[in-house]
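Below: one structure, written as structure tokens.
A quick note: this is a predicted structure, and the numbers were derived from the prediction, not measured. Below, chains carry the letters A, B, ... as their sequence lines are ordered, and counting in each starts from 1.
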Amino acid sequence: MAGLMPAPAPGGDLPEHPDRLWRTPEPKAAYDVVIVGGGGHGLATAYYLAKNHGITNVAVLERGWLAGGNMARNTTIIRSNYLWDESAGIYEHALKLWEGLEEELDYPILFSQRGVLNLAHSLQDVRDSVRRVHANRLNGVDAEWLDPGQVREVCPIVNISPDVRYPVHGATYQPRAGIAKHDYVAWGYARAADALGVDLIQHCEVTGLRISGGRVTGVHTTRGAIGAGRVALSAAGHTSVVAAMAGIDLPLQSHPLQALVSELLEPVHPTVVMSNAVHVYVSQAHKGELVMGAGIDTWNGYGQRGAFHIIERQMSAALELFPVFARAHVLRTWGGIVDVTPDASPIVGLSGVDGLYLNCGWGTGGFKATPGVGWCYAHTIAHGEPHPLNAPFSLERFVTGALVDEHGAAAVAH
Amino acid sequence: MMLIPCPWCGPRDESEFHYGGQAGVAYPDDPGALTDAEWARYLFFRDNPKGPFRERWSHTAGCRRWFSLVRDTVTNEIVA
């Protein structure tokens, strides 16, 4: 058949790539601020440094691709119903920022305030939960205590029958809680930070911290040395590894945390349901997947994968709470590395080395804090001292004993 | 699921074991003499290496004895 044009190769007729949301700059020799870690927290911090404090000579260094670590692996739950005043302060600040974030970033993030139920399965759970509801209300956080019938009204597919192994005795309910599309949040912050002049540098792993006379002066990376007036760590599960380059020990243990999604289903699950005792947390993503999170694997691990029996336990918990899920198939499971502190609260503040700042220890719950911690961490970096909302989350609290024990409200088994 | 070599029972499924964290953390000889910073270090600070880690395990669903091993925290390979 001579004379005919050969058919285009499969995929060869794709349209042009759409416009990029941010530049891909080469690293400069030096910056006023270098942020280590291009996840949600690092990107939000860069944005608020530029927006709130006018500091735009900033680089975000990411060893992989932007928001490809825990920002791509979390279960996207947003809430502020923590027990203690310190936690309510920073998480509620974050939730208020979430409520205006689409307008702030001029970018859709699919923030959906569909509420969260935290189930109580024992008399002690009930007492702790009611106490938390009262504490939340005193801090201006919306919270209600629901009996099993009211739980069923909010989420009709929850099994409230009394003859199961862990019956539902009630739940706390935060109507303003919800979910957002994690990738869009990262892209929104990245795009906005880039537009304000921040350099987002991917595939650039920090291999050393330069410290001179007790002050940080820059970083060594796989793309060469980069000078820095200040360096802000935001490396989640790898924080211990980076901090060790400066000789800093931190009270962190890195663990795998696993989650999974089902195939796409019709809308069946109208809210977010979490259970400490039987251990699963479930929502339904906008596309239709059921998104479920597990507890951490107990051992220290950096491998971004956990054990299958953790998933099995999580599935059995989900099936008891939601018998309707029995025919749903698991589509994909994965793991991230979470850095857990002894009191299940984060460390955000000074490091002991001048110009070097810490944001770590968010453990299993960092996504919900993204705007709030970005705001407060940017303030900390800009002023060289903590914002009032992150001051309680100092490294020193492990020496003074002023812990912020949130093992109950963290809602993920540690 | 890891296969963990219990020194007394042989290789068993990970789900039979309880994890005990870093090995070799000794109780202070004279706790009352410690400063707050030293006490905090004993209480809250543990190594968190990316790579070989000497750690404690207890075979809770078997012989219930404690033992130590060295595991690579990236590959989960038990190296000693």
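Of the listed residues (B:P49, B:G51, B:G20), the greatest number of heavy-atom pairs within a distance under 4.5 Å of chain A belongs to B:P49. Annotation: maximal heavy-atom pairing with chain B below 4.5 Å, among A:I310, A:V241, A:V399, occurs at A:V399. The candidate from A:G306, A:P256, A:A307 with the greatest count of non-hydrogen atom pairs under 4.5 Å with chain B is A:A307.
With a 4.5 Å cut-off on non-hydrogen atoms, A:L403 touches chain B through its side chain but not through its backbone. There is no contact between A:I337 and chain B, counting heavy-atom distances below 4.5 Å.
A:F393 meets the ring pair (Phe, Tyr, Trp, His ring centres under 6.0 Å) test with no other residue; sequence neighbours excluded. Among residues two or more places apart in sequence or in another chain, the ring pair (Phe, Tyr, Trp, His ring centres under 6.0 Å) test is passed with A:F398 by B:F44. Residues meeting the side chain to side chain contact (heavy atoms under 4.5 Å, CB included) test with A:A317, sequence neighbours left out: A:V278, A:V280.
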Can you list every donor-acceptor pair under 3.5 Å that links chain B to chain A?
| from | atom 1 | to | atom 2 | distance (Å) |
| --- | --- | --- | --- | --- |
| B:E14 | OE2 | A:W299 | NE1 | 2.7 |
| B:R41 | NH1 | A:D249 | OD2 | 3.2 |
| B:R46 | O | A:Q253 | NE2 | 3.3 |
| B:D47 | O | A:Q253 | NE2 | 3.0 |
| B:N48 | O | A:Y302 | OH | 2.7 |
| B:N48 | OD1 | A:S254 | N | 3.0 |
| B:N48 | ND2 | A:S240 | OG | 2.8 |
| B:N48 | ND2 | A:L252 | O | 3.4 |
| B:N48 | ND2 | A:S254 | OG | 3.0 |
| B:N48 | ND2 | A:Y302 | OH | 3.3 |
| B:K50 | NZ | A:H238 | NE2 | 2.7 |
| B:R71 | NH1 | A:N300 | O | 3.0 |
| B:R71 | NH2 | A:N300 | O | 2.6 |
| B:T73 | O | A:Y302 | N | 2.7 |

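Closest of all the heavy-atom pairs between A:L395 and B:F45 is CD1-CZ, 4.5 Å.
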